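Bear in mind the structure is a predicted one, so any value in this text is a computation, not a measurement.
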Amino acid sequence: MDQEIRVRFAPSPTGPLHIGGVRTALFNYLFAKRANGKFILRIEDTDQNRYVEGAEKYITDSLSWCGIISDEGVEGGGPYGPYRQSERGDIYKKFADQLVENGYAYHAFDSQEELDQMREKLKNQKSEVQQYNFLTRGEMKNALTMDTTEVEERIQSGQPYVIRLKTPENEKIHLKDIVYGDIVFESSQLDDKILFKSDGMPTYHLANVIDDHLMKITHVIRGSEWINSTPIHLLLYRFLDWDNELPVFAHLPLILKPSGQGKLSKRDGDQMGFPVFPLQWQNPQTGELNPGYKESGYFPEAFVNILALLGWNPGDEQEVFSMEELINKFSLDRIGKSGARFDPDKAKWFNHYYLNHKTNKELTEKYLPILYDKGLNPDLDYVEEVVALVRERANFVSDFWEQSFFFFKEPERYDPKVIKKKWKENTPAILNDIIKILEDIRTFSEENTEKTVKTYIQDNELSFGQVLNSLRLTLLGSGTGPSLFKIIEMLGKEESIKRIKHGIERIQK
RNA sequence: GCUCCCAUCGUCUAGUCUGGCCUAGGACGCCAGGUUUUCAUCCUGGUAACAGGGGUUCAAAUCCCCUUGGGAGUACCA
């Protein structure tokens, strides 16, 4: 009875995966790992029309960036492959035929126009449902309204056909969902869904049920947009005689747009000021570029942490989790039912938190490429010192440059607001005095420069703010930043004095 | 339209199943104070919610019903 827990993440390669998709993958992964089970990555590419070049690679890259590694699937294969539905041959057709044979499904020949007509007609009649179902199928072109020889002839002659599910007229279908509890559906409300398309491919409904069964999936964890089609799947399990091996269902609450209404969609993109994709994605058709969390400077640990808390919580007050901790604490029954709005501000905070729990060395390694890009080749220890100084004021490594460029090059402009406020007539004279003072200091340390300059200010009864801010202005071009005397020390005597001189000249004019 | 789902601070949420310990807790944000030559960080404090109405009960955020609001699905897409 203690069978292995097996879950799958089954995206379709129709474009980049967005946050919601990654969260579904994450929850599957956490659940599997928690139970010592298997996480399977299956690609649902039964819709050839929507296939997008590069999307599958994008999916696997995104998951591995997050640290979500599949035990079986398109990447590493496994005992139940292939894991790409388009490669699973005639598996689906066989089961579809079996359903037809047993009277649970039937062939249909209606054209798109005829279907549209039927729906239009029902709409005009103010019918409650406009569906291909037990009420309407008797008037359509299908095996239920034709005699068997005609059906045979049509199929033999190569006429396109689909196979539809013959939904029961009047029965209740019970879904036991881990998250949502018991949900009852009326079969009369269900559509005679197409199971097998005229292009020879199964639809999602058929394919996912068959594959889940064949791949021995024990738990189906997916977004709640699937709830309404679950009764179809339940019917299929029964008609295929797999009722005794039904997987457990757990539907995840939706992720909503940060503002406005509706679920977060791929389209929301950068116009909302935050990425909706894990990795940057360039649409191969339009060339349109969508930003990703990775490229925006988020750490994967932070990203995963944010996602984990969207719809799930541990029940205590901990909110920072490593993947290990998530695996240990995760459980399906602590998933909420209501949709979660994504909060970009909190996401930033998480990244800030993670950034400040890394070592200077780690951050230095991440900063270095940016510096190289600027054409700089600074001393490693120096960079590490710089990082130590600016790290706490940054949310992202990419913030470092803006906050520390003056450690690497002389400022080119001076903040006019600070000039206006702090630069007085006597400022050049004072700064010239300071230059002299600095020149005389032998051990050019933070302590020494600070002590001497402050003594000078006091002796001359000057204002600290006035003097130090204008001094800062000449050194880094702005009125903000880390400790001034630390900067002076790191710049060194020569460079500091040079900058003060230049500052005086340039601001003077 | 029809079917299904959801409803606690601005946001993520704890508490709801197993009514009383809830004058509703935490986090982000915001505001104030402290630290700092400055800005940021950091620390401290504060702001702010049980959608509304009926029941049930000694007692309801917690159970039931209705209303309202929000969401999802309704394809030869997944």
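- As a whole-Å value, the separation of A:Leu363 CG from B:U41 C1' is 15 Å.
- In this structure, A:Asn313 places its CG atom 7 Å from C1' of B:A14, rounding to the nearest Å.
- When heavy atoms are screened at a 4.0 angstrom cut-off, A:Val162 is found touching base atoms of the nucleic acid.
- Put simply, CZ on A:Phe9 is 11 Å from C1' on B:A78, counting in whole angstrom units.
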(Q) What does the B/S/- profile of nucleotides 17-38 of chain B look like, 5' to 3', with a 4.0 Å heavy-atom cutoff to protein? (A) --------SSBB--------BB
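- Rounded to whole Å, atom P of B:G73 lies 13 Å from atom CZ of A:Arg222.
- Each of A:Phe303, A:Phe277, A:Trp281 was scored for a ring-ring contact (aromatic ring centres under 6.0 Å, His included) with A:Tyr293, with one residue passing: A:Phe303.
- When heavy atoms are screened at a 4.0 angstrom cut-off, A:His251 is found touching no nucleic acid atom at all.
- Applying the ring-ring contact (aromatic ring centres under 6.0 Å, His included) test to residues at least two apart or on different chains, the pairs with a partner in residues 105-137 of chain A are A:His107-A:Tyr161.
- Contact check, A:Arg164 against B:C76: a side-chain N or O comes under 4.0 Å of OP1 or OP2.
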Compile the donor-acceptor pairs under 3.5 Å between side chains in residues 474-483 of chain A and protein atoms, sequence neighbours left out, one pair per line.
residue: A:Thr474; atom: OG1; partner: A:Leu471; partner atom: O; Å: 2.7
residue: A:Ser478; atom: OG; partner: A:Thr480; partner atom: N; Å: 3.2
residue: A:Ser478; atom: OG; partner: A:Thr480; partner atom: O; Å: 3.2

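- Ranked by how close their nearest RNA chain B nucleotide is to the 5' end, A:Ile183 and A:Ile194 are led by A:Ile183.
- Expressed to the nearest 0.5 Å, how far CD of A:Glu186 lies from CD of A:Glu171 amounts to 9.5 Å.
- A search for salt bridge (charged side-chain N to carboxylate O under 4.0 Å, His left out) contacts involving A:Asp90 returns nothing, not counting sequence neighbours.
- Closest heavy-atom contact between A:Tyr298 and A:Ala347: CE2-O, 3.5 Å.
- Residue A:Lys337 places none of its side-chain N or O atoms closer than 4.0 Å to OP1 or OP2 of B:U8.
- Residues satisfying the salt bridge (charged side-chain N to carboxylate O under 4.0 Å, His left out) criterion with A:Glu384, sequence neighbours excluded, are absent altogether.
- At a threshold of 4.0 angstrom between heavy atoms, the contacts of A:Gly311 are confined to the sugar-phosphate backbone, with no base atom among them.
- Atom CG in A:Asp192 sits roughly 12 Å away from atom P in B:C76 (whole-Å rounding).
- Per the geometry, CG belonging to A:Leu309 stands 13 Å off C1' belonging to B:U11, to the nearest Å.
- Look at B:U44: its Watson-Crick or wobble partner, with both distances under 3.5 angstrom, is B:A32.
- Take A:Ala207 and apply the side chain to side chain contact (heavy atoms under 4.5 Å, CB included) test, not counting sequence neighbours, and it matches A:Thr46, A:Gln85, A:Tyr92, A:Pro202.
- At a threshold of 4.0 angstrom between heavy atoms, the contacts of A:Asn395 with the nucleic acid are absent.
- B:C12 atom P lies 18 Å from atom NZ of A:Lys348, rounded to whole Å.
- Rounded to whole Å, the distance from OH on A:Tyr106 to C1' on B:C76 is 13 Å.
- A:Asp433 is linked by a side chain to side chain contact (heavy atoms under 4.5 Å, CB included) to A:Lys436, A:Tyr456, counting only residues two or more places apart in sequence or in another chain.
- Remark: A:Ser70 pairs with A:Phe39, A:Leu41, A:Glu75 by the side chain to side chain contact (heavy atoms under 4.5 Å, CB included) rule, at least two apart or across chains.
- Here A:Tyr204 lies in heavy-atom contact (under 4.0 Å) with a base.
- Ring to ring, A:Tyr354 and A:Phe299 are not that close: their centroids are 6.0 angstrom or more apart.
- Below the 3.5 angstrom threshold, one finds a donor paired with an acceptor across the side chain of A:Ser198 and the base of B:C76.
- Between A:Glu120 and A:Lys123 no salt bridge is recorded (no basic side-chain N to carboxylate O distance below 4.0 Å).
- A:Glu128 comes within contact range of at least one nucleobase, with a heavy-atom separation under 4.0 Å.
- Of the residues in residues 44-54 of chain A, those with a non-hydrogen atom less than 4.0 angstrom from any atom of RNA chain B are A:Glu44, A:Thr46, A:Asp47, A:Arg50.
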Q.
For a quick check, with a 4.0 angstrom heavy-atom cut-off, what is the B/S/- contact string for nucleotides 45-53 of chain B, read 5' to 3'?
A. ---------
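- Proximity of residues 165-177 of chain A to RNA chain B (heavy atom under 4.0 angstrom from any strand atom) is not detected for any residue.
- Here A:Thr14 lies out of heavy-atom contact (under 4.0 Å) with every strand.
- A:Arg119 comes within contact range of the sugar-phosphate backbone alone, with a heavy-atom separation under 4.0 Å but no base atom that close.
- Using a cutoff of 4.0 Å between basic side-chain nitrogens and carboxylate oxygens, A:Arg393 and A:Asp399 are not scored as salt-bridged.
- Of the two residues contacting RNA chain B, namely A:Gly315 and A:Gln403, the nearest-nucleotide position lying further toward the 5' end is that of A:Gly315.
- A distance of 6.0 Å or more separates the ring centres of A:Trp312 and A:Phe27.
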Which pairs would a plain distance check flag for residues 313-320 of chain A, meaning a side-chain donor or acceptor within less than 3.5 Å of a matching protein atom at least two apart in sequence or in another chain?
residue: A:Asn313; atom: OD1; partner: A:Gly315; partner atom: N; Å: 2.7
residue: A:Asn313; atom: OD1; partner: A:Arg334; partner atom: NH2; Å: 3.2
residue: A:Asp316; atom: OD1; partner: A:Gln318; partner atom: N; Å: 3.0
residue: A:Asp316; atom: OD2; partner: A:Lys329; partner atom: NZ; Å: 3.2
residue: A:Gln318; atom: OE1; partner: A:Lys329; partner atom: NZ; Å: 2.9
residue: A:Gln318; atom: NE2; partner: A:Val320; partner atom: O; Å: 2.9
residue: A:Gln318; atom: NE2; partner: A:Glu325; partner atom: OE2; Å: 3.3
residue: A:Glu319; atom: OE1; partner: A:Lys346; partner atom: NZ; Å: 3.4

